[in-house]
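Values reported hereafter were calculated over all heavy atoms of this structure, with side chains retained and with hydrogens, waters and symmetry mates removed.
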Amino acid sequence: MFVSHPAYLRDKARALRVERGMTIDELAERLALPRTTIYYWVRDLPIPTTTRQSEAQRRGTEASRLKHARIRDDAYDRGVTEFDDLASEPTFRDFVCLYIAEGTKRDRNKVAITNSDPAVISMADRWLRRLADRPLLTYWVQYHADQDLAELKRFWSHRVGVAPEAIRFQRKSNSNQLTGRSWRSEHGVLTIAVCETVLRARLQAWIDLIRGSWQ
């Protein structure tokens with residue numbers, strides 16, 4: 001369902017973009033609106049290449065911020081453009097929905113997803129390998145104190161197709177023994193992560209588009 005917003009919000013977003021060089025992320029946070037809405041409102045307004053800040057010591061930092069903001073905006077644009085083609089493929093929407101529920105969202109430069117279900121992890125791993133421009137994935141297993149680490153390493157390395165030494169470990173801080181528990185992570189809980197700003201921005205576009213279709 002299409003959600004209409006007051007015209008003054010669009011005018012405010014455009015003014016902040018021009019006058020303060022605010023990024024799409026900053027505008028979305030400032031105005032408490034979906035990122036996709038902001039994107040369509042200001043996509044014709046590039047972030048200014050100069051700044052009014054007079055402090056010489058801040059110019060380098062500001063230039064770097066604007067550079068990376070443009071990278072994220074371009075990647076978000078790419079995500080919007082490629083969404084329809086990707087969404088026509090089996091399990092892509094499943095992957096994005098999984099990320100909405102289980103993925104890390106605070107870090108703009110990292111994509112990470114955590115789950116204990118081997119089938120879920122396999123699907124997520126396939127998509128991350130395909131979508132990342134530089135698929136240097138890392139793998140961490142959170143484990144219970146009495147689990148066999150060698151067995152966990154064999155299990156997950158086989159499941160995601162990497163060398164056993166690529167699997168790292170982190171002991172669960174809130175768990176000791178499995179015995180007597182009503183719920184168990186038989187194989188621990190695996191986190192797959194890739195540090196890639198561009199993929200994180202593309203993924204945010206896909207998240208926003210899918211969530212928007214639910215409204």
Side-chain angles (χ1 to χ4, degrees), residues 23 25-26 28-29 35 64-65 68-69 71-72 75-76 78-79 86 89-211:
T23 68
D25 284 330
E26 291 168 340
E29 183 176 356
R35 205 173 180 280
S64 178
R65 183 188 73 84
H68 287 90
I71 289 173
R72 288 192 297 271
Y76 191 91
R78 174 183 169 188
L86 288 170
E89 299 190 31
T91 75
F92 175 74
R93 285 180 176 270
D94 298 332
F95 166 71
V96 178
C97 289
L98 174 65
Y99 204 89
I100 291 172
E102 303 281 357
T104 297
K105 304 174 187 68
R106 291 184 179 180
D107 192 333
R108 294 184 300 185
N109 304 305
K110 181 179 181 181
V111 175
I113 192 162
T114 301
N115 207 275
S116 61
D117 187 320
V120 169
I121 287 295
S122 293
M123 183 268 288
D125 185 68
R126 287 193 298 270
W127 275 108
L128 287 176
R129 287 173 182 269
R130 173 178 170 182
L131 295 169
D133 290 335
R134 293 176 293 176
L136 300 176
L137 277 60
T138 58
Y139 302 88
W140 292 85
V141 176
Q142 297 179 60
Y143 65 95
H144 297 277
D146 57 350
Q147 288 184 289
D148 184 337
L149 300 191
E151 176 57 31
L152 292 180
K153 183 172 287 192
R154 284 193 295 270
F155 177 84
W156 286 115
S157 64
H158 175 73
R159 193 76 197 193
V160 296
V162 299
E165 54 267 26
I167 306 296
R168 304 175 186 180
F169 291 102
Q170 178 181 355
R171 179 171 170 175
K172 290 178 69 66
S173 60
N174 62 346
S175 168
N176 289 315
Q177 302 293 314
L178 283 170
T179 304
R181 289 180 173 272
S182 59
W183 178 83
R184 299 185 178 189
S185 299
E186 181 180 359
H187 304 292
V189 180
L190 186 72
T191 296
I192 309 175
V194 59
C195 293
E196 188 174 304
T197 303
V198 169
L199 178 57
R200 180 66 186 87
R202 292 164 65 204
L203 181 56
Q204 189 61 51
W206 306 330
I207 289 171
D208 291 345
L209 288 166
I210 286 181
R211 290 185 65 185

* Asked: Side-chain donor-acceptor pair under 3.5 Å between Asp25 and Tyr76, yes or no?
  ->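 Not at all, the side chains of Asp25 and Tyr76 share no donor-acceptor pair under 3.5 Å.
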* To do: Compute whether any side-chain donor of one residue and acceptor of the other, for Arg72 and Thr197, lie under 3.5 angstrom apart.
  =>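 No - no donor-acceptor pair under 3.5 Å links their side chains.
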* To do: Quick one: do Arg129 and Leu137 satisfy side chain to side chain contact (heavy atoms under 4.5 Å, CB included)? Show the steps, please.
  => CA-CA 8 Å; Arg129 287 173 182 269; Leu137 277 60; 4.1 Å; yes
* Check the pair Phe95, Glu89 against side chain to side chain contact (heavy atoms under 4.5 Å, CB included), reporting the backbone distance first and the verdict last. => CA-CA 11 Å; Phe95 166 71; Glu89 299 190 31; over 6 Å; no
* Could you go through the side chain to side chain contact (heavy atoms under 4.5 Å, CB included) check for Val198 and Ile71 one step at a time? => CA-CA 7 Å; Val198 169; Ile71 289 173; 4.0 Å; yes
Atom of [X], atom of [Y] and distance for their closest heavy-atom approach:
| X | Y | answer |
| --- | --- | --- |
| Lys110 | Arg200 | O-CD, 3.2 Å |
| Pro118 | Phe155 | CG-CZ, 3.6 Å |
| Asn115 | Leu98 | ND2-CD1, 4.2 Å |
| Val160 | Asp125 | O-OD2, 3.6 Å |
| Ala75 | Arg202 | O-CG, 3.2 Å |
| Asp107 | Asn109 | OD1-N, 2.8 Å |

Backbone N or O of [Y] within a donor-acceptor pair of the [X] side chain at under 3.5 Å?
| X | Y | answer |
| --- | --- | --- |
| Thr23 | Glu26 | yes |
| Gln147 | Glu186 | yes |
| Glu196 | Asp133 | yes |
| Trp127 | Val96 | no |
| Lys105 | Ile100 | yes |

How many angstroms lie between atom [atom1] of [X] and atom [atom2] of [Y], to the nearest 0.5 angstrom?
| X | Y | atom1 | atom2 | result |
| --- | --- | --- | --- | --- |
| Ile113 | Tyr99 | CD1 | OH | 7.0 Å |
| Arg168 | Leu190 | CZ | CG | 12.5 Å |
| Leu86 | Leu209 | CG | CG | 11.0 Å |
| His187 | Asp117 | NE2 | CG | 9.5 Å |
| Glu102 | Cys97 | CD | SG | 12.0 Å |

* Report yes if the side chains of Leu128 and Leu199 come closer than 4.5 Å at any heavy-atom pair, otherwise no. =>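 With C-beta onward as the side chain, the pair touches.
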* Would you say Thr114 and Gln142 make side-chain contact, with heavy atoms under 4.5 Å? ->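 Side chain of Thr114 against side chain of Gln142, heavy atoms only: contact under 4.5 Å found.
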* Is it true that atom CZ of Arg159 has more than 12 heavy atoms of other residues, nucleotides or ligands lying nearer than 6.0 Å? ->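 Atom CZ in Arg159 is packed in, count exceeds 12.
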* To do: Mind telling me whether Phe169 and Tyr143 have parallel, tilted or perpendicular rings, with 30° and 60° as the class edges?
  =>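 Ring orientation, 0 to 90° scale: perpendicular.
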* Mind telling me whether Phe92 and Trp206 have parallel, tilted or perpendicular rings, with 30° and 60° as the class edges? =>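 Rings of Trp206 and Phe92: perpendicular, as their planes differ by over 60°.
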* To do: Please lay out, stage by stage, how Leu152 and Ile167 fare under the test side chain to side chain contact (heavy atoms under 4.5 Å, CB included).
  => CA-CA 9 Å; Leu152 292 180; Ile167 306 296; over 6 Å; no
